[in-house]
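Written below as structure tokens is the structure these notes are about.
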Protein chains: 2
Amino acid sequence: MATAGSNLKLIHVKSACEACRVRELCLPTSLNDQDVSLIDDLVIRRAPLNKGDFLYRTGDKFRGIYALQYGAIKTYGVTRQGREQVTGFHLAGEVLGLDAIDEEIHPCNAVALEKTEVCQIPFHKLEQLSTTIPGLLHNLSKVMSREIKHEEHVLMMLGGTTAEQRIVRFILNLKQRMSKSEVMGYSFKLCMSRQDISNYLGLALETVSRQLTNLQDRDVLEIHNRYITILNPEELQKLAD
Amino acid sequence: MATAGSNLKLIHVKSACEACRVRELCLPTSLNDQDVSLIDDLVIRRAPLNKGDFLYRTGDKFRGIYALQYGAIKTYGVTRQGREQVTGFHLAGEVLGLDAIDEEIHPCNAVALEKTEVCQIPFHKLEQLSTTIPGLLHNLSKVMSREIKHEEHVLMMLGGTTAEQRIVRFILNLKQRMSKSEVMGYSFKLCMSRQDISNYLGLALETVSRQLTNLQDRDVLEIHNRYITILNPEELQKLAD
DNA sequence: ATTTTGCATTGACCTATATCAAGGCTCGTT
DNA sequence: AACGAGCCTTGATATAGGTCAATGCAAAAT
């Protein structure tokens with residue numbers, strides 16, 4: 001039974017790890033199939049979330065980090081004045097929940113923006129495993145480091161720029177991240193509302209709307225509802241700088 | 001020699017770990033003296049930095065993370081337009097350089113704002129050690145998690161707030177962090193210029209200046225050059241919300 | 001002691017963006 | 001097919017904060 005089980009796992013594993021995009025955690029380095037199998041055993045596949053479902057809420061007990069299989073999630077905090085501040089959008093292949101490790105409590109809300117499936121990775125088990133698989137520890141550090149770097153990048157994007165620059169950089173960033181998980185041309189769907197974008201970029205939602213129509217009028221973008229096409233990538237890149 | 005050495009270490013260690021504020025990495029959990037000793041062996045005490053000295057620059061090879069013993073460091077990136085975006089201020093007892101783990105290259109500049117001493121902790125050695133000291137791994141994760149959480153907090157602070165709120169929150173945050181490392185009343189020294197503050201908060205330096213004098217006029221603060229005294233903590237707190 | 005230099009303040013003006021308000025699409029529902 | 005609820009767009013107006021420019025101050029250098 002045990003032997004059969006682990007054989008089965010070796011097959012099952014690859015697909016699960018691949019599918020759940022735990023890739024970020026296991027693929028980069030030289031983890032062998034056996035190690036990957038061990039990691040795969042940890043992963044808990046959760047029932048799909050529908051649009052508006054919460055993955056977790058502020059104050060929830062931390063049970064593990066999450067890897068997005070498909071879909072999109074926004075994380076946000078609520079200020080004392082009741083303002084919703086979006087701290088990030090998370091797309092397929094990305095990891096979230098790392099900010100909860102420290103106090104074992106989620107410091108923000110995570111809600112699905114569309115139909116979404118995630119894998120839960122119990123963190124303490126991952127830590128345990130890290131002591132036996134050295135490469136895993138390093139990957140874990142890298143994932144967290146990347147997250148820190150990304151947040152700094154966001155800070156740079158937000159500081160001292162015009163509304164137009166923010167929007168443009170936001171779109172370029174989204175485009176780039178979506179390209180990672182799917183073959184894509186210059187058209188894609190915005191998975192979030194204008195409101196969400198405004199709360200992320202620190203702008204009024206009207207400003208977001210105006211900037212988008214403005215870019216459309218100048219034939220840089222084409223927008224139909226939430227579907228967006230980049231008509232002039234060079235110009236868009238130029239506007240970002 | 002070996003025995004004498006490790007005895008010495010056991011004594012030396014405590015002071016070094018304590019002094020270098022590697023505390024964040026080792027103290028929180030139940031690491032025993034022996035473990036602490038091992039960690040201490042890693043730590044490289046660097047020559048003090050003078051004001052304006054760089055700890056590292058964008059693009060530098062990553063050699064390890066740094067723990068601030070005393071002093072202050074700002075980290076910043078330079079945008080394509082030449083604007084300097086400050087991504088953080090780091091005070092005594094805090095760790096920096098975590099954003100370089102991923103690509104083994106520092107993505108930003110780190111410069112001393114005053115006389116500063118740091119300890120360098122070679123990261124790969126720390127990782128090696130983590131496999132044998134389970135508590136260490138967890139602490140490392142926590143430190144990184146805290147950093148991610150902090151950056152999110154900064155995002156929340158910057159988004160959708162007035163210049164006054166930003167300044168007020170900035171001062172409260174500084175106050176709180178400085179209290180951690182030194183006994184302190186309501187007076188302290190700003191280790192950074194108005195320019196730095198403005199580049200951090202995404203404001204014009206004139207706005208920073210005006211807001212500070214405004215708070216002074218209303219008897220919330222008292223400011224002499226870079227020395228600041230909080231006269232009315234309750235009011236300051238109220239303004240932050 | 002005096003000059004220099006960098007940093008900070010203050011004022012006047014202007015523009016980008018927020019705010020307020022109204023109306024128009026779109027999609028899902030009955 | 002018509003209805004309703006969200007979302008999005010558009011316009012008019014107000015204002016916070018940016019920009020430009022001049023001056024002041026204090027510590028470092030000569």
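Keep in mind the model is a prediction, meaning the values are calculated, not measured. Each chain gets a letter, A, B and so on, in the order the sequences are listed, and its residues count up from 1. Side chains included, hydrogens not; waters and symmetry mates left out as well; all remaining heavy atoms used.
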Residue met sooner reading DNA chain C from 5', once Thr162(A) and Glu206(B) are mapped to nucleotides:
Glu206(B)
Mind checking Ala204(B) for me? I need base, sugar-phosphate or nothing, with any heavy atom below 4.0 Å counting as a touch.
base
Identify whether any heavy atom of Leu203(B) sits under 4.0 Å from a base atom; if not, whether one sits that close to sugar-phosphate; answer base, sugar-phosphate or nothing.
sugar-phosphate
Measure [atom1]/[X] against [atom2]/[N] and give the value in whole Å, please.
X: Lys51(B); N: dT5(C); atom1: NZ; atom2: C1'; answer: 13 Å
X: Asn214(B); N: dA16(D); atom1: CG; atom2: C1'; answer: 13 Å
X: Arg210(B); N: dC13(C); atom1: CZ; atom2: P; answer: 13 Å
X: Leu212(B); N: dC25(D); atom1: CG; atom2: P; answer: 18 Å
X: Asn50(A); N: dG28(C); atom1: CG; atom2: P; answer: 14 Å
X: Gln195(B); N: dT5(C); atom1: CD; atom2: P; answer: 19 Å
X: Asp217(B); N: dT9(C); atom1: CG; atom2: C1'; answer: 12 Å
X: Leu205(B); N: dG6(C); atom1: CG; atom2: C1'; answer: 12 Å

Check: Arg166(B) side chain, dG17(D) base, donor-acceptor under 3.5 Å
no
dT10(D) base to Arg194(A) side chain: any donor-acceptor pair below 3.5 Å?
no
Is any side-chain N or O of Ser193(A) closer than 4.0 Å to OP1 or OP2 of dG6(D)?
no
Any Ser209(A) side-chain N or O less than 4.0 Å from OP1/OP2 of dT10(D)
no
Taking the side chain of [X] as heavy atoms from C-beta outward, which of [options] is closest to it?
X: Gln211(B); options: dT19(C), dC8(D), dG17(D); answer: dG17(D)
X: Thr207(B); options: dG17(D), dT9(C), dT9(D); answer: dG17(D)
X: Arg226(A); options: dT9(C), dA8(C), dC7(D); answer: dC7(D)
X: Asn225(B); options: dA26(D), dG17(D), dT9(D); answer: dA26(D)

From the list Thr75(B), Asn199(B), Asp99(B), Asn109(B), side chain to side chain donor-acceptor pair (under 3.5 Å) with Thr87(B) holds only for Thr75(B)
Take atom OH of Tyr186(A) as the centre, draw a 6.0 Å sphere, and report whether it contains more than 12 heavy atoms from other residues, nucleotides or ligands.
no
Is the His106(B) ring parallel, tilted or perpendicular to the Phe62(B) ring (thresholds 30°, 60°)?
perpendicular
Both conditions, 6.0 Å and 45 degrees, for the charged tip of Lys175(B) above the ring of Phe188(B): are they met here?
no
Residue pair Gln120(B) / Tyr66(B), side-chain donor-acceptor N/O under 3.5 Å:
yes
